[in-house]
Amino acid sequence: MWLIWLIMILVSIKVYNKITNGKCYADNVMSGKVAIITGGNSGIGYETALELARRGAKVILGCRDDKRGQKAADSIIKKTKNNSVRYMHLDLSSFKSVRKFVDDFKNSESKLDILINNAGASGVHRDLTEDGIIRDMQVNHFGPFLLTVLLTPILKKSAPSRVIIVSSTYHRFGTVNDLNRPHSYVRTYCDSKLCNVLFSNELARRLEDTEVVVNCLHPGHVNTSFYRATALEKLRTLILYSFFKNPVEGAQTSLYLAVSDDCDQVTGKYFVDCKEGFMGLKARDEELAASLWEMSEKMVGLTPDELL
Ligand SMILES: NC(=O)c1ccc[n+]([C@@H]2O[C@H](COP(=O)([O-])OP(=O)(O)OC[C@H]3O[C@@H](n4cnc5c(N)ncnc54)[C@H](OP(=O)(O)O)[C@@H]3O)[C@@H](O)[C@H]2O)c1
């Protein structure tokens with residue numbers, strides 16, 4: 001009897017999830033648009049890139065692994081028949097790599113309409129990078145910060161344009177004290193995701209007189225390889241797939257922010273399930289966002305002419 005109840009509960013959860021998941025209904029064609037998606041080789045990033053390519057955009061996958069990046073680009077080209085999809089090397093845990101990516105991009109493209117900061121690490125890698133920063137903190141915040149600031153001139157030149165930052169609902173549990181100290185992986189992850197929201201808000205404020213809009217999002221709890229390296233892997237297999245979105249569902253809010261006409265004037269907001277959601281209290285603190293910005297400028301080593 002208990003088995004029937006268990007099955008009924010799981011089926012109900014699955015049905016509830018399916019009904020409440022946000023979906024991007026905008027059917028905009030994206031021909032002529034140029035988009036960069038970091039971490040576009042797997043999970044949410046891959047599905048986002050696939051859909052943008054299907055709509056005709058030129059898509060650049062910024063990935064750290066040559067084989068995985070090229071394989072994803074080939075697979076998207078095969079599925080969409082859009083040949084303007086390519087992989088470019090980008091390791092967010094290295095400022096040198098980020099700078100090289102930006103130089104290579106600027107040498108090969110004259111505009112950028114959409115930047116999706118999607119790549120993320122789960123907080124488990126607490127060793128220091130070659131730049132002396134906790135690895136996953138650099139991948140999740142400092143690397144994307146440098147990437148975005150360096151690409152802002154081309155985003156401004158290409159305006160109207162959009163920056164999308166994939167954060168997480170766990171930003172609510174983060175702090176920005178001692179970002180460069182080894183903490184538990186949960187804390188590092190939450191801190192980095194709070195940084196994502198604060199960075200998104202501050203960038204939106206700094207660009208409010210331009211036509212570059214900046215928003216962040218929580219994609220939902222998505223069944224991707226993301227939990228692979230954490231204790232949550234076991235939990236994930238234990239609590240069954242019914243509780244998680246699949247990657248296509250997880251990509252819907254990124255896509256909505258990238259393509260929908262509803263979002264062309266919206267900036268400095270936090271989205272969940274394709275609609276505006278509530279940011280945590282700390283994420284709304286403008287002073288905190290400004291001080292994180294100043295600290296990040298120093299950590300990534302921006303030169304005076306690169307400051308925004
Ligand atoms: N899955 C969820 O439930 C969930 C919930 C909330 C937020 N998110 C956020 O969603 C985003 C995408 O995650 P996902 O769930 O799609 O997981 P995923 O499939 O593991 O994708 C993460 C991507 O980030 C890339 N990446 C990791 N380190 C990198 C580095 N140093 N340089 C460049 N790229 C790097 C990975 O590349 P490799 O393949 O080479 O490792 C991969 O392509 C993340 O920002 C995550 O925080 C996910």
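As the structure lists them, so they are numbered: ligands from 1, and atoms in each ligand from 1. Along the sequence shown, residues carry numbers from 1.
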Inset, instruction - May I ask you to list the atoms of ligand 1 that are less than 4.0 angstrom from any heavy atom of D91? - result: 30 (C), 31 (N), 32 (N)

Legend entry - Closest to atom 29 (C) of ligand 1 among R135, R68, R64, H125 (heavy-atom distance): R64

Legend entry - T224, portion touching ligand 1 at heavy-atom distance under 4.0 Å: side chain

Inset, instruction - From the options P247, G120, S167, G62, select the one whose nearest heavy atom is closest to atom 7 (C) of ligand 1. - result: S167

Inset, instruction - Have a look at ligand 1 and work out which part of S122, if any, has a heavy atom under 4.0 Å from it: side chain, backbone, both or neither. - result: neither

Inset, instruction - Could you tell me whether D104 and K100 make a salt bridge, using a distance below 4.0 angstrom between a side-chain N and a carboxylate O? - result: yes

Legend entry - Min heavy-atom dist N118 to ligand 1 below 4.0 Å: yes

Legend entry - Shortest non-hydrogen contact between A159 and E211, atoms and distance: CB-CB, 3.7 Å

Legend entry - Atoms of ligand 1, numbered as shown, that sit under 4.0 Å from any heavy atom of H218: 6 (C)

Legend entry - Residue portion contacting ligand 1 (non-hydrogen atoms closer than 4.0 Å) for L90: backbone

Legend entry - Distance filter under 4.0 Å to V166 heavy atoms, resulting ligand 1 atoms: 9 (C), 10 (O), 11 (C), 45 (O)

Inset, instruction - Ignoring hydrogens, just give me the one of G43, S42, S94 whose non-hydrogen atom is nearest atom 18 (P) of ligand 1. - result: S42

Inset, instruction - Check whether the side chains of S122 and D136 place a donor and an acceptor atom closer than 3.5 Å, and report yes or no. - result: no

Inset, instruction - Could you list the atoms of ligand 1 found under 4.0 angstrom from a heavy atom of N41? - result: 37 (O), 38 (P), 39 (O), 42 (C), 43 (O)

Inset, instruction - Kindly indicate, with the supporting measurements, whether the criterion side chain to side chain donor-acceptor pair (under 3.5 Å) is fulfilled by N41 and D65. - result: CA-CA 9 Å; N41 63 289; D65 183 275; over 6 Å; no

Inset, instruction - Answer with side chain, backbone, both or neither: which part of A121 has a heavy atom less than 4.0 angstrom from an atom of ligand 1? - result: neither

Legend entry - Location of contacts on V222 toward ligand 1, heavy atoms closer than 4.0 Å: both

Inset, instruction - Could you tell me whether the side chain of E294 and the main chain of S291 form a donor-acceptor pair under 3.5 Å? - result: no

Legend entry - Salt-bridge criterion met for K245 and D273 (N-O under 4.0 Å): yes

Legend entry - N or O contact, H221 vs ligand 1, cut-off under 3.5 Å: no

Legend entry - Y270 ring center within less than 6.0 Å of H171 ring center: yes

Inset, instruction - Could you list which atoms of ligand 1 come closer than 4.0 Å to a heavy atom of S93? - result: 31 (N)

Legend entry - Q252 and N21: side chain donor to acceptor below 3.5 Å: no

Inset, instruction - Measure the acute angle between the ring planes of H221 and F244, then classify it against the limits of 30° and 60° as parallel, tilted or perpendicular. - result: perpendicular

Inset, instruction - Answer yes or no for G220: is there a heavy-atom contact with ligand 1 below 4.0 Å? - result: yes

Legend entry - P219 N/O to ligand 1 N/O under 3.5 Å: no

Legend entry - Per-atom contacts of ligand 1 with Y189, taking only distances under 4.0 Å to non-hydrogen atoms: 6 (C), 7 (C), 8 (N), 46 (C), 47 (O)

Inset, instruction - Could you tell me whether R99 and D103 make a salt bridge, using a distance below 4.0 angstrom between a side-chain N and a carboxylate O? - result: no

Legend entry - Sub-3.5 Å N/O-N/O distance, S168 and ligand 1: no

Legend entry - Whether F244 lies under 4.0 Å from ligand 1, heavy atom: no

Inset, instruction - Taking only Lys NZ, Arg NE, NH1 and NH2, and the carboxylate oxygens of Asp or Glu, determine whether K23 and E249 approach each other closer than 4.0 Å. - result: no

Inset, instruction - Mind telling me whether Y256 and F271 have parallel, tilted or perpendicular rings, with 30° and 60° as the class edges? - result: tilted

Legend entry - Contact with ligand 1 for C63, non-hydrogen, under 4.0 angstrom: no

